[in-house]
Amino acid sequence: MHFKYLPLVLLAASCCGPQDPEPFGPVPTPQQLEWHKKEMNMFAHFGPNTYSGLEWGQGTESNDLFAPDSLDCAQWASVAKEAGFGGIIITAKHHDGFSLWDNPSSDHSVAHSSWRDGKGDVLAELSAACKEAGIGFGVYLSPWDRNHPDYGTDRYNDAYAKSLESVVSSYGPLFEVWFDGACGEGPDGRKQVYDWDLFLGKVREYQGGVVTFSNIGPGCRWVGNEEGHAGETNWATFTPEAHNADRSNLPGDYELYLGSGDEGGAYWIPAEVDVSIRPGWFWRASEDDKVRTPENLLDIYYKSVGRGAVLLLNVPPTASGRFHSNDIASLRGFRAALDRIFAQNLATAAVSSGNFSSAHKADAVLDGNFDTYWAAGNDGVPMLTLKADPSKPFNRLVLQENIALGQRVAEFAVDVPDGDGWKEIACGTTIGYKRILLLPETVSSAVRVRFIRSLAAPVISEAGLYLDEVSAR
Ligand code: FUL
Ligand code: CA
């Protein structure tokens, strides 16, 4: 299998006057930038597996197995919205091939089931509910299909493209299209050679530059694990290697490579952290008491969003078609923790060692606006100092690069005043869209960030100091 890569090196539309620094290296497309700003999206695995308890359905399940008696997509959307998720991606078709809409390439779908006399359409309901709630709608459409009789032949590529076309042309606008990397064998051991040009072309035809996920992009990449963490170092820049379907020609540390990306990589292909709120991707009653706690979700947040990735948290609807109360309680606890921790930026002022121009001074990092930024000057080791009230402890430092101008910072250190000088209390590598550094609990009148190594002079949109009282670590 060979992916073809789209040239993603576009110049940022918002720049450049003489007062503004030039973009550096690959930069996000407008759709990718919007995607970064969502920070967290929800995944909803739903289908025959919700009823069989399997993680990978066989493809031979009866159409009538799928039978939610109180499907309530408005509930999913309102829970997602309240908890601060920017959109929901649903498994329109998982590996078993059962389709949650009337798939023109298959009879294995809701349209050929007794659920609502074959008139039910989960994609229609969820897309409408997301629209109503003001959040994004995305689709997962497994290329691997254990039901389709043509799987393993060229005919399957056309059938899959037709399925995809019917989704991307009917339920948009979409914010993300998800191509799962799992690829098993078809009947008689036949392997499918996917026609990615055809598939991505269909998506582009109807959804323009929508972010497309696959293991290696082109819209965003897999982070290399399903445990909820990006690499400590995480570049959104990445240079994917064309690889075989069975991955046999990939380096052994491929997963780590996906988690950290490429310093100086050729394309903007940021990492997405997909992880489930439960042990499995699909709901099963036996896991109702194994839902991740708010504390665990917060830890995942620090290790995904806090490392410059986007979090895709799976919350699987139950067999009735609603979210389970245990999942909702956990999500509410998680939201409450985020609100508590990030309610108040404890930094009171910002000064810098120098500026690129008077249009991009340090106080831009405290105005709550991502689009305004401090642009460091081009000489020496740039430094940004945040002033703080010495009566208020903090233990979290948030930094955001203005990634519209490219990802630049490779290494930084954090100091506090110590006698006549400064003492280093923490250090980090990449920043990207957002970096949350866990500091020891600190009381100080100032925090200085030293940008030790950058590929180009730093451009910092926002910075802040916060206190996480409960999970101080
Ligand atoms: C994997 C799939 O095999 C799992 O079932 C799940 O959908 C996960 C998000 O991706 O590759
Ligand atoms: Ca700003």
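Bear in mind the structure is a predicted one, so any value in this text is a computation, not a measurement. Every number for a ligand or one of its atoms is a count from 1 in the order of the listing.
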task = Please indicate whether any nitrogen or oxygen in H95 is less than 3.5 Å from any nitrogen or oxygen in ligand 1.
result = yes
Approximate separation, where rounding is to 0.5 Å, of R284 CZ and T50 OG1 = 9.5 Å
request  = Give yes if a backbone or side-chain nitrogen or oxygen of D180 is under 3.5 Å from a nitrogen or oxygen of ligand 1, and no if not.
outcome  = yes
message = Check this for me - ligand 1, Y140, N or O atoms closer than 3.5 angstrom, yes or no?
response = yes
ask   = Could a heavy atom of W144 be found less than 4.0 Å from some atom of ligand 1?
value = no
note = Residues at least two apart in sequence or cross-chain that pass side-chain contact (heavy atoms from CB on, under 4.5 Å) with D389, listed by chain then number, are S391, K392
query = What number of protein N, O or S atoms occur at distances under 3.0 Å from the Ca ion (ligand 2)?
reply = 7
For A182, atoms of ligand 1 separated by under 4.0 Å from a heavy atom = 3 (O), 11 (O)
ask   = With a cut-off of under 6.0 Å to the ring centre and 45° to the axis, is R408 in cation-pi contact with F24?
value = no
message = Tell me if the NZ atom of K38 is crowded by more than 12 foreign heavy atoms within 6.0 Å.
response = yes
Residue pair Y160 / D195, side-chain donor-acceptor N/O under 3.5 Å = no
query = Under the 6.0 Å and 45° cation-pi test, does R146 pair with F98?
reply = no
query = Taking only residues at least two apart or on different chains, which pairs with a member in residues 349-376 satisfy salt bridge (charged side-chain N to carboxylate O under 4.0 Å, His left out)?
reply = K37-D371
note = The residue among W178, F282, W76 that forms ring-ring contact (aromatic ring centres under 6.0 Å, His included) with F43 is W178
query = Can E39 and K434 be counted as an ion pair, charged N to O under 4.0 angstrom?
reply = yes
ask   = Between the side chains of Y466 and N395, is a donor N or O closer than 3.5 angstrom to an acceptor N or O?
value = no
query = Among the heavy atoms of F282, does any lie under 4.0 Å from an atom of ligand 1?
reply = no
ask   = Counting heavy atoms only, which part of D274 comes closer than 4.0 Å to ligand 1: side chain, backbone, both or neither?
value = side chain
task = Consider every N or O of W56 and every N or O of ligand 1, then say whether any pair is closer than 3.5 Å.
result = yes
inquiry  = Among all the protein's non-hydrogen atoms, which is closest to atom 5 (O) of ligand 1, and how far away is it?
reply    = H94 NE2, 2.9 Å
request  = For E226, counting its heavy atoms only, list the atoms of ligand 1 lying under 4.0 Å from any of them.
outcome  = 1 (C), 8 (C), 10 (O)
ask   = Which residue and non-hydrogen atom of the protein lie closest to atom 7 (O) of ligand 1, and at what distance in Å?
value = H45 NE2, 2.7 Å
key: K202: side-chain contact (heavy atoms from CB on, under 4.5 Å) partners, not counting sequence neighbours   = A161, L164, E165, E205
message = As an exercise, identify every atom of ligand 1 less than 4.0 angstrom from a heavy atom of F43.
response = 9 (C)
message = If only side-chain N and O atoms count, and only distance matters, is there a donor-acceptor pair under 3.5 Å linking Q192 with N157?
response = yes
